[in-house]
Every structure is written in structure tokens, then in C-alpha cells.
Asks: 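Here it is, the structure, as C-alpha cells.
Just so it is clear: chains get the letters A, B, ... in the order the sequence lines come, proteins before strands, and each one is counted from 1.
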There are 2 protein chains.
Amino acid sequence: MPPPDSRSDYSETERQIFDAALDVFAREGRRGARMQAIADAADINKAMLHYYFRDKATLYEEVFTYTACQFMASFDASLKEAPTFAETLRVFIDGYVDFVRSNEACMRLMVQENLAGGTLLGQQMRKATDSGDAPPTILVDTIADAVQAGEIRPVDPDHTVLSVISTCLYFFVAQPTVQIMHPPAEEDWEAFVEARKDHLFDLIYHGLAPRE
Amino acid sequence: MPPPDSRSDYSETERQIFDAALDVFAREGRRGARMQAIADAADINKAMLHYYFRDKATLYEEVFTYTACQFMASFDASLKEAPTFAETLRVFIDGYVDFVRSNEACMRLMVQENLAGGTLLGQQMRKATDSGDAPPTILVDTIADAVQAGEIRPVDPDHTVLSVISTCLYFFVAQPTVQIMHPPAEEDWEAFVEARKDHLFDLIYHGLAPRE
DNA sequence: GCCTGGTTCAACCAAACGGTTAAAGACCTG
DNA sequence: CAGGTCTTTAACCGTTTGGTTGAACCAGGC
């Protein structure tokens, strides 16, 4: 399959546009985003957008496709094999939080698409599934295996994965709210993110570990 | 203080408009929403919007203020006193998930505002705080007290509350994605929500309970 | 009936927006 | 420097969108 990174053969200008578009779409949504705002953010003339990307729909589709691929790959990419389940969980949380942190705009765009109904999302996932890329079941399987092996309590793997994803993601989604309600997060967001990794592992690991 | 429900003295038509606006703003965002779409959803003429609410900004502000109040109140409203921490947690999860389920549009609007930068949000919170409504610290205090009493492990109350909120909220935010990745959620969403309550309590309770 | 208040609507307007174009600029090749 | 290609731009066009207005409608009181 072709690399999901459709930006590899982009020129400097194209990349500027792409990044700006991702940013604006992520903030304002596909409908709310103005082509002028994207042009301004990319520091180019508005006509350039239409030179490199035919129209708004094309630009959005390209940005969203890249984002969706990036996102689907992130689950498996963050999941590295480790001797114990505890280590596997720790590495996944660290990796996934880091991924979201360095792809905040991608994450926001994904949420925008969900808020808007997620029609493009289903389409994209079906396309990816048809071309052999299975959705991220590996993480679910890992949990299921750990249950089977008695390494963790008998929990529902699907729900558990959803809970892990939720806790790793949502505080980025609600970053403004979090920063208002929790001043330390405003003063030093990076430190807050690191502290959060520790807390999440601690909470979830103890939530899953067996009881004697 | 005045009741946060600014809709109490609304006429039938006003309420229709308000509900439609909330829905459209929640889906499309404050900028993406079209006045025509709101009018259509409310099943009235476009000019009526401007008769009852001066302009788009006013309409949005009114809708958002209501939503923000509703949301801030929901934390405390879902927190009922119970003899043990376990029961308190269970009741809170049930109540909060139910609140979000029956106020999905409110929740989506809140997320939209966060994605857009959350400027109005900070403004709103500052106004509420100044007028005596403290942000929901009660939940944080409950956790802190339980730690103090040795009912649960020594965890960071702020992070813990954020984790609880995340898990109760995010699966509603990402409902389309969840339904694609987990077919049972598509077939019977209500049942999925109920199952999720059980899972969340189980996971978080065991995550917090002391170890011998 | 007819006036008077509050509602509802179709038609309209100006501004904003997505998208086009023709021409100028930059840059290489000969 | 001449010719040609690839970039970049300002000005422009048609449509959509937020917002206005004046007329129709529909009570109820006189």
C-alpha cells in the first residue's frame, strides 16, 4: 500500500498551505473555515490555494484523508511489545499521548468530523478497511490476551480501550477548559501532560490489575 | 442569583428557535452554522430569528450562556451524598452520563467552543465565578476527602476528576467513530451507554480502591 | 366594520465568500 | 538577452449569507 503520508512529495509552499489548512479546519470546522483565513495563515495569496488545490472540498478531503490515516496508524504505532502488560500499557500511554500532543490539529479535525456527523469518517474507514488496513484491533487483542493470561481482571476489551483513548485524548480536546479549571496546566502545559501520563498509567493499571 | 435557565420565560416559538440553534451550532460550530439552516430546523421563516434574537452573535451568545451554565451545574447536580465512596462514585457516573446523554447538543457546543479556542468559555466562567458560582470543586473535594479518609489510594484529585469526566464524555463526542469501530454500539446505542456505565464504575473504582 | 397591537412572511440589499483570470514576475536554458 | 516555463499577484465575478423592510395577517376592543 502507498504510504499514508501524502505530503511526502509536497513542495515547501504546498506544505505551508496544507499545515495552515489543517490548522484552520481543525479550529473552525470544514464549513466554518474561510479560504481567506487559510491563505492568511499560510502567508500566501488566496489564489494560490486554488492553484495547488482545486477547491475547498478538494483541500479538505486531502487534509482529512491524511489526518484519518495518521490517526488510525497511531494506535498500532504507539503499541510496542513489552515483557509485561504493565510495561505495554505504560509505553502505549506515553506513546499515544505524545502522538496526540504533536498532532493536536489532526486530533481536533478528527473531533470536528465527529461533531459534524462523521459521514466522511465512515467512508474513509471503509476505504482503509477494504485496502487491507484493518482498524486498530491490535490494542483490543492485547487487552483480551492479558485477560486470557490472567494478567488483568476480566474486563471488556472494547470498553477498556475506549476508556484509555478517552483519557489520553479528552484533556487535549478540552484544553482551554482544563487550563481555566486547573491553573498549573495553564502555567506549564508540558509539565501537566507529563504528570497526566503518570496519573493515567497509575489509575488504569490499578483499575485492571487482578485482586487477590 | 437568577436561575441559569434563561429559557423559562420563552414563548413556544422562541423555544423552537433556541433548540434549533443549539442543534445547528453544536453540529456546525458558531461560524459554520447558517441562519437559514437554523430557521429551517426551527420550521420558521428566517426573518423570525432576527425578530426574536437581534443577530447571529446575540443568538449564539444566548445559546452558549445557557449551555455553559447547564454544564457547570451538571457536575454538582450529579454528585449526591452516599454512605460510601463507592456508592458516591457509582451515582455520579450514572447521573453524569445520563446528563450528557439527554444534553448531547449542549455537550457538542461546549466541545466546539473548546476547539475554537475557548475565549467565550473563559469569559463565561469568570462571570459565573464573580457572581458567586464557584466552578465545580465539590467533586474534587469529594475525592480529596476520600483520600484523606483512606477510602481510596492517594491519587491526585484534579487528575482523577478529569479522568472520570473524560471517560463519561468522550464516547459521546466520538459517537460516530465508536459506532463504526464497535458494531453493538451502532445496533443499540442505549444499551451500549448502560453497559458503559457499568464498565466505567468497575474500572475507576478498582483504579482507586486501596491495595492491601 | 375598523382600528390597533403583536406576528408572520416574501422580497430585497449589502457584504462576504469561493473561485477565476489575465497579466506581471522570477528563473532557468539556449 | 530572448524565449519559455513555472510562480505569484491584484482585480474581478457570481453566489451565498447575514440582516432589513414593508406589506399581509390575525387576534381582540370599540
Side-chain angles (χ1 to χ4, degrees), chain A residues 6-66 109 112-113 115-117 119-120, chain B residues 6-67 105 109 112-113 115-117 119-120:
Chain A
S6 59
R7 307 192 294 180
S8 48
D9 55 349
Y10 275 8
S11 71
E12 182 55 30
T13 310
E14 271 172 314
R15 192 183 192 89
Q16 250 177 308
I17 296 175
F18 188 96
D19 290 345
L22 176 56
D23 240 48
V24 175
F25 278 128
R27 280 177 44 101
E28 310 268 14
R30 83 192 299 179
R31 238 204 71 85
R34 279 158 300 188
M35 294 298 270
Q36 187 61 61
I38 296 175
D40 291 348
D43 200 35
I44 50 146
N45 189 282
K46 188 180 55 150
M48 292 298 297
L49 300 183
H50 299 287
Y51 178 78
Y52 285 111
F53 303 87
R54 202 176 318 278
D55 53 22
K56 195 180 181 182
T58 306
L59 178 56
Y60 183 82
E61 202 177 323
E62 196 132 336
V63 169
F64 179 73
T65 301
Y66 168 78
L109 186 65
Q112 284 278 5
E113 193 59 31
L115 291 180
T119 49
L120 246 185
Chain B
S6 60
R7 306 192 297 179
S8 48
D9 55 349
Y10 274 9
S11 70
E12 182 54 31
T13 309
E14 270 172 314
R15 192 184 191 87
Q16 250 177 311
I17 296 176
F18 189 97
D19 291 345
L22 176 55
D23 241 48
V24 175
F25 278 128
R27 279 176 41 112
E28 310 268 14
R30 84 192 297 179
R31 236 205 72 83
R34 281 159 299 187
M35 294 298 269
Q36 187 61 62
I38 296 174
D40 291 349
D43 201 35
I44 50 143
N45 189 282
K46 188 179 54 149
M48 291 298 299
L49 300 184
H50 300 286
Y51 178 77
Y52 285 111
F53 304 86
R54 201 175 317 280
D55 53 22
K56 194 180 182 182
T58 307
L59 178 56
Y60 183 83
E61 203 178 321
E62 195 131 338
V63 169
F64 179 74
T65 301
Y66 168 78
T67 292
L109 186 64
Q112 285 278 6
E113 193 60 29
L115 291 179
T119 49
L120 246 186

Asks: Between atom CZ in A:Arg54 and atom P in C:dT21, what is the gap in whole Å?
Replies: 13 Å
Asks: Report the distance from atom CD1 of B:Ile17 to atom C1' of C:dT7, rounded to the nearest whole Å.
Replies: 12 Å
Asks: Rounded to the nearest Å, what distance is computed from the CD atom of residue A:Glu14 to the C1' atom of nucleotide D:dC6?
Replies: 13 Å
Asks: What is the distance, to the nearest angstrom, from the OH atom on B:Tyr51 to the C1' atom on D:dG22?
Replies: 15 Å
Asks: Rounded to whole angstroms, how far apart are CZ on B:Phe53 and C1' on D:dG19?
Replies: 16 Å
Asks: Please list, one pair per line, the donor and acceptor atoms closer than 3.5 Å that link side chains of residues 50-60 of chain A to other protein atoms, with sequence neighbours excluded.
Replies:
{"residue": "A:His50", "atom": "ND1", "partner": "A:Arg54", "partner atom": "O", "Å": "3.2"}
{"residue": "A:Asp55", "atom": "OD1", "partner": "A:Ala57", "partner atom": "N", "Å": "3.4"}
{"residue": "A:Asp55", "atom": "OD1", "partner": "A:Thr58", "partner atom": "N", "Å": "3.0"}
{"residue": "A:Asp55", "atom": "OD1", "partner": "A:Thr58", "partner atom": "OG1", "Å": "2.7"}
{"residue": "A:Lys56", "atom": "NZ", "partner": "A:Arg30", "partner atom": "O", "Å": "3.4"}
{"residue": "A:Lys56", "atom": "NZ", "partner": "A:Arg31", "partner atom": "O", "Å": "3.4"}
{"residue": "A:Lys56", "atom": "NZ", "partner": "A:Ala33", "partner atom": "O", "Å": "2.7"}
{"residue": "A:Tyr60", "atom": "OH", "partner": "A:Glu113", "partner atom": "OE1", "Å": "2.5"}

Asks: Reading DNA chain D from 5' onward, which residue's closest nucleotide shows up sooner: B:His50 or A:Ala47?
Replies: A:Ala47
Asks: Which residues in residues 27-38 of chain A have at least one heavy atom lying under 4.0 Å from any atom of DNA chain D?
Replies: A:Arg31
Asks: Are the ring centres of B:Phe64 and B:Phe25 closer than 6.0 Å?
Replies: no
Asks: Hey, does the side-chain of B:Lys46 have a donor or acceptor N/O within less than 3.5 Å of a partner on the base of D:dG19?
Replies: yes
Asks: Given C:dG19, C:dG6, D:dT8, identify the nucleotide with an atom nearest to the side chain of A:Met48.
Replies: D:dT8
Asks: The side chain of B:Lys56 lies closest to which of these nucleotides: D:dT8, D:dG19, C:dG18?
Replies: D:dG19
Asks: For B:Asn45, report the nucleic acid contact type (base, sugar-phosphate, nothing); a contact means any heavy atom under 4.0 Å.
Replies: base
Asks: Contact between A:Asp40 and A:Val24 at the side-chain level, heavy atoms closer than 4.5 Å - yes or no?
Replies: no
Asks: Count the heavy atoms of every other residue, nucleotide or ligand shown that sit under 6.0 Å from CD of B:Glu61, and state whether that count exceeds 12.
Replies: no
Asks: Expressed as a whole number of angstroms, how long is the span from A:Asp55:CG to D:dT15:C1'?
Replies: 15 Å
